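Below is one structure; the comments refer to it alone.
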Number of protein chains: 2
Amino acid sequence: MELRTNRSESGHARYDAGWTALLNPAPDDDHPGRACGRQVRYKQRALILAEGDEASAVYEVIEGGVILFKLLPDGRRQIIEVLGVGDVFGLAASSVSDVAAEALTPVRLARFERSTFEGDSRLRDRLFARLRAQFCALHDHALLLGRKSAQERVTTFIARMVPGCFGLDDTPPKPGGDPIRVDLAMSRQEIADYLGLTIETVSRTFSALRRSGVIAYRKQDEVEIPNIRRLFHMTGSE
Amino acid sequence: MELRTNRSESGHARYDAGWTALLNPAPDDDHPGRACGRQVRYKQRALILAEGDEASAVYEVIEGGVILFKLLPDGRRQIIEVLGVGDVFGLAASSVSDVAAEALTPVRLARFERSTFEGDSRLRDRLFARLRAQFCALHDHALLLGRKSAQERVTTFIARMVPGCFGLDDTPPKPGGDPIRVDLAMSRQEIADYLGLTIETVSRTFSALRRSGVIAYRKQDEVEIPNIRRLFHMTGSE
DNA sequence: CGCGGACTTGATCTGTCTCAAGTGCCGTGG
DNA sequence: CCACGGCACTTGAGACAGATCAAGTCCGCG
């Protein structure tokens with residue numbers, strides 16, 4: 001009962017590309033997992049950390065994807081961050097975690113106990129740099145949640161998955177080239193919970209984007225973008 | 001033309017209380033401005049940093065309040081964070097700032113040049129601890145922006161201004177005691193931009209809360225809360 | 001082949017936005 | 001001292017984006 005999605009097999013491999021591109025401003029010294037703590041693995045959809053759990057360790061994503069989310073007492077869920085390779089979580093202001101963490105894909109993590117972490121300023125600096133990038137992503141997402149329309153949210157979301165378009169990464173924005181393919185790697189419900197919408201609105205927006213030719217897809221999480229500029233212009237950010 | 005609000009004189013003094021309580025989980029070693037960089041001052045509403053400015057320094061709030069915000073090309077604004085004493089800003093993933101910063105009140109800041117900052121791991125650790133707290137606040141705010149109703153947003157906002165109710169601060173939650181007074185220190189428009197609402201909706205919500213007796217006020221930014229529990233129950237968070 | 005879960009689509013409802021007047025407050029000048 | 005103007009805020013009426021409720025449809029799997 002852990003295998004209930006029809007998520008593509010290639011998702012995990014391709015998955016890194018999107019989020020890593022977004023959140024890796026400069027893939028400089030830190031090869032993820034280099035200065036490893038203990039490695040741990042989780043199955044897809046496994047709960048890594050619950051809200052309120054003792055925040056006794058810091059995790060770095062080595063492979064796969066992780067979502068951080070919060071719940072309201074009545075069950076409303078907000079996905080706060082979607083993490084890819086190199087991203088960090090588990091740090092909280094107090095001794096308990098303020099968010100829950102779940103494996104979006106099968107995932108490999110480096111786990112650093114709080115004690116290790118506190119003693120190792122080199123490690124701390126590395127994670128610190130990482131957090132700065134995540135900080136900016138969070139700022140961007142607040143803008144999305146507070147001020148963007150459904151269409152802008154969805155197009156922004158898709159645009160973020162395109163490697164090398166936001167991050168100062170490798171591949172250049174590809175002027176008018178051939179269609180770009182991206183793997184969403186998230187269910188419609190997850191996308192909805194991330195973008196602060198309902199699943200129906202997300203679905204309708206995808207359909208509308210397809211109808212108007214901005215995107216194309218057969219399987220619903222393998223999207224082709226014939227013209228990136230056109231997509232960008234719908235994000236509200238330019 | 002810098003003096004155009006009818007903001008209360010006491011605002012600045014009392015201002016710290018609210019946000020500091022929220023974002024100071026443990027007022028331990030760091031007396032703000034202890035390990036000072038160069039001190040700088042800004043008048044109320046002065047622009048400290050624009051989006052896209054060179055991120056050459058890190059700032060710590062010594063006295064007063066600062067807002068961080070982002071703009072969309074068409075003018076929509078989202079206030080990302082409201083900072084009080086001890087909070088930190090200016091760190092970005094890349095070399096330019098991803099947000100703009102404005103003085104919410106007359107403000108005193110400690111400015112640390114990037115070079116200073118990079119060489120001083122003690123300083124970095126101190127700011128790092130701070131950022132963790134701000135990180136959690138950002139998470140909470142994402143939940144608010146993505147999943148809460150207008151009424152829940154406004155009550156959450158007011159509740160956050162109450163010193164010692166969220167942070168593990170001094171004053172205990174005050175069971176059924178006398179009315180608590182808080183100073184909002186933000187205009188309706190600022191509140192709207194922070195909560196992802198329009199000014200009219202914020203105004204209407206305040207009026208409705210007053211009508212129903214949850215809050216009381218004469219000047220619109222000096223709010224009394226006769227019964228905090230009642231307010232809390234409207235935040236959606238409990 | 002038929003079941004179940006994820007997704008899509010349609011019809012309707014509603015919370016929030018938009019547009020448009022107010023109202024109240026404060027500072028200015030007659 | 002009071003009329004006046006400006007600005008922030010409030011209030012109302014109506015429009016609309018997105019939510020909700022309710023069927024479908026698609027597709028992988030047993």
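Just so it is clear, the structure is predicted and the values come from calculations on it, not from any experiment. Letters go in sequence order (proteins before strands), and every chain restarts at 1.
- Residues passing the salt bridge (charged side-chain N to carboxylate O under 4.0 Å, His left out) test with R76(A) are D74(A), E152(B), sequence neighbours excluded.
- Counting to the nearest Å, the P atom of dC9(D) and the CD atom of Q189(B) are 8 Å from each other.
- Atom P of nucleotide dT10(D) and atom CZ of R218(B) are separated by 15 Å, given to the nearest angstrom.
- Taking 4.0 Å as the cut-off between side-chain N and carboxylate O, E60(B) and R108(B) do not count as a salt-bridged pair.
- Under the 4.0 Å criterion applied to side-chain N and carboxylate O atoms, K70(B) and D140(A) are assigned as salt-bridge partners.
- In this structure, CZ of R76(B) is placed 13 Å from P of dC17(C), rounded to the nearest angstrom.
- A salt bridge links E190(B) to R45(B): at least one charged side-chain nitrogen sits closer than 4.0 Å to a carboxylate oxygen.
- Across the protein-nucleic acid pair, D221(B) atom CG and dC7(D) atom P stand 19 Å apart, rounded to whole Å.
- Residues R218(A) and E224(A) are not paired through a salt bridge, judged by the lack of any N-O separation under 4.0 Å between the basic side chain and the carboxylate.
- In this structure, Y217(B) and F206(B) have perpendicular ring planes: the angle between them is above 60°, well past the 30° mark.
- You'll find that the side chain of Q220(B) is closest to dA8(D), out of dT11(D), dT8(C), dA8(D).
- Side-chain proximity of S207(A) to the nucleotides dC7(C), dC9(D), dT9(C) is greatest for dT9(C).
- In this structure, CZ of R153(A) is placed 14 Å from P of dA17(D), rounded to the nearest angstrom.
- Relative ring orientation between Y194(A) and F157(A) is described as perpendicular, the plane-to-plane angle rising above 60° on a 0-90° scale split at 30° and 60°.
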What protein N or O atoms touch nucleotides 18-21 of chain C N or O atoms at under 3.5 angstrom, if any, and at what distances?
residue	atom	partner	partner atom	Å
dT18(C)	O4	R204(B)	NH2	2.7
dC19(C)	N4	E200(B)	OE2	3.0

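- For the pair L197(A) CG and dG15(C) P, the interatomic distance rounds to 18 Å; values are reported in whole Å.
- Regarding Y217(A), its OH atom lies at a distance of 9 Å from the C1' atom of dT8(C), rounded to whole Å.
- Following rounding to the nearest Å, K148(A) (NZ) and dT16(C) (C1') show an atom-to-atom distance of 20 Å.
- Comparing atom distances between the S203(B) side chain and each of dC7(C), dC9(D), dG18(D) picks out dC9(D) as nearest.
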